[in-house]
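All remarks here apply to the structure that follows.
No hydrogens, no waters, no symmetry mates; every other heavy atom, side chains included, goes into these values. Throughout, protein chains are lettered first and strands after them, A, B, ... in sequence-line order, and every chain is numbered starting at 1. As the structure is a prediction and not an experimental result, all values here were calculated from the model.
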Amino acid sequence: MTLQPVRGMKDILPPESLRWSALEATFRACAAAHGYSEIRTPILEKTELFSRGVGEATDIVEKEMYTFTDRSGDSLTLRPEGTAAVVRSVLSGRSEIGEWPARLYYIGQMFRHERPQKGRLRQFHQLGAELFGTDAPHADAEVIAFLYRFLSQAGLTGVSLQINTLGDPECRPGYNQALADFLAGRDEMLCDDCRRRRLTNPLRVLDCKSEKCIAATADAPSILDMLCDGCRSHFETVESALRGLAVPFERNPRMVRGLDYYRRTTFEFVIPGMGAQNTVAAGGRYDGLAEMLGSRDRIPAIGFAIGVERLLMLTETDTPPVASSDVFIVASSAKFLPEAFLWRMELAEKGVRADIDYECRSMKSQFRRADRSGASVVVVFGEAEWERGMVGYRDMAKGQQEELAVDDAKRRLESLSTGG
RNA sequence: GAGAGUGUAGCUCAGUUGGCAGAGCACCAGGUUGUGGCCCUGGUGGCCGUGGGUUCAAUCCCCAUCACUCUCCCCA
């Protein structure tokens, strides 16, 4: 019985890992182009950061966190999301960050103890970005457009961008009450889950996928009709800025967030017909979070997170096999192994991938390996040639082989470097 | 937290109404005395997920357990 990885956690091996690093490189480039710098925060944080930041009553905090007591007796938690930690870091490293606004991005793994299924693991990865220090609606549009552009660059098609506003402390309570009152009159039309949600978190009922609930809430009051002036004009400006950038979107007044810290603008990129895990990226504004985490100043902010596993799942394509080497050095007998080894290592320094068979199998086998490795050239060390100071130099595509002096062969091989 | 399905070779999967464990691909070797792809021949490789039970006999039946996949819930 071999040791298995922990449930819900996956190894990422080549060639799959190549897709990961390519995606990350695209994200880094796109982030840099928009003026974002990388931030790396610890994977482990004090539990309190998440219970206060994410929300005591959320499912994440209530039942999904990897929490344990360390040897000093502190309660620590593997981060279940990125934003709270980035805010904490920005607050404690304020002097390093300089003037507002601050633009930061991160790449990393998150942990939630859920039942694993398609597009949902216990260790999963997010690409995220946060823009701190401005509550201007154009900041919202910037962040959304950045995300939209990145997803396009990543090759994602068929996504729909949905946006909504959740109001703020001035207008949300009134809406909450109005919705609760409305739902109280429809109780018997709701599914079992929503009867419970109606009391604990009425907004969630709007997000229910059950047909009953969708019908029951068809004429529910809309947050859009109850916004305060500040939130209304903010939302309208975000929309017009997005139109100006030609970012297609649709309003979804039923969209809700699972984390407590969101205010005003929220957005989500969803794939129609993807089942329950159809959100590939999501985000929103969280102007109150810094204060919830103990900041004396209000630090308005907006950000997003992308589910890497989901994004890679959606952009899956048949990847042609990639050549693992440029040259294969065939040694006709084991006595050439030291020399072949030297060549391999010298060529590596010059940026040429040269493979050899350390086991010195039969010529036939070595050529088979050369073929499979995708090498365009095979160099053959053979008894007869070597005595004349020559090696065989075979063009694998043409199937033609010539004899070259050792120095000439080396020169030819060095020119195979990807740079030249 | 609730439900369903699947665990047999490195991979994809057959199979036995309970009686020596199978194929294709992959791998190794040979056909070709020093040369790849195609073809042919042969070979290596399995505690039939794990533990218990029933039985003369269990990969197969029963129970438990673990893992994976999927759904609900929730979320990226």
A:Arg310 (side chain) and B:C75 (base): donor-acceptor pair under 3.5 Å: yes

Looking only at side-chain atoms of A:Phe124, point me to the closest of B:U35, B:A29, B:A76. B:A76

Dot-bracket encoding per residue of RNA chain B, Watson-Crick/G-U cut-off under 3.5 Å, | denoting interstrand: (((((((..((((.....[..)))).(((((.......))))).....(((((..]....))))))))))))....

Show me the protein contacts with nucleotides 38-40 of chain B, counting only N or O atoms at under 3.5 Å.
none

Would you list the protein and nucleotides 68-70 of chain B atom pairs, both N or O, that sit under 3.5 Å from each other?
| unit_1 | atom_1 | unit_2 | atom_2 | d |
| --- | --- | --- | --- | --- |
| B:C68 | OP1 | A:Gly8 | N | 3.4 |
| B:C68 | OP2 | A:Arg7 | NE | 2.8 |
| B:U69 | OP1 | A:Lys10 | NZ | 3.1 |
| B:C70 | OP2 | A:Lys118 | N | 2.8 |

What about A:Arg112: does its side chain form a donor-acceptor pair under 3.5 Å with the base of B:A76? yes

Check: B:U35 base within 3.5 Å donor-acceptor of A:Gln366 side chain: no

A:Arg251/A:Glu239 salt bridge by N-O under 4.0 Å criterion: yes

Check RNA chain B against residues 376-393 of chain A and give the residues with a non-hydrogen atom under 4.0 Å, in numerical order. A:Val380, A:Gly382, A:Glu383, A:Ala384, A:Glu385

Would you mind telling me which residue lines up with the more 5' stretch of RNA chain B, A:Ser362 or A:Arg120, judged by nearest nucleotide? A:Ser362

Identify each donor-acceptor pair in which a side-chain atom of residues 143-156 of chain A lies under 3.5 Å from a protein atom, sequence neighbours left out, and give them as a table.
| unit_1 | atom_1 | unit_2 | atom_2 | d |
| --- | --- | --- | --- | --- |
| A:Arg149 | NH1 | A:His34 | NE2 | 3.1 |
| A:Ser152 | OG | A:Tyr148 | O | 2.9 |

Show me the side-chain donor-acceptor pairs of residues 371-380 of chain A shorter than 3.5 Å, one per line, residues at least two apart or across chains.
| unit_1 | atom_1 | unit_2 | atom_2 | d |
| --- | --- | --- | --- | --- |
| A:Ser373 | OG | A:Ser325 | OG | 2.9 |
| A:Ser373 | OG | A:Ala370 | O | 2.8 |
| A:Ser373 | OG | A:Ala375 | N | 3.3 |

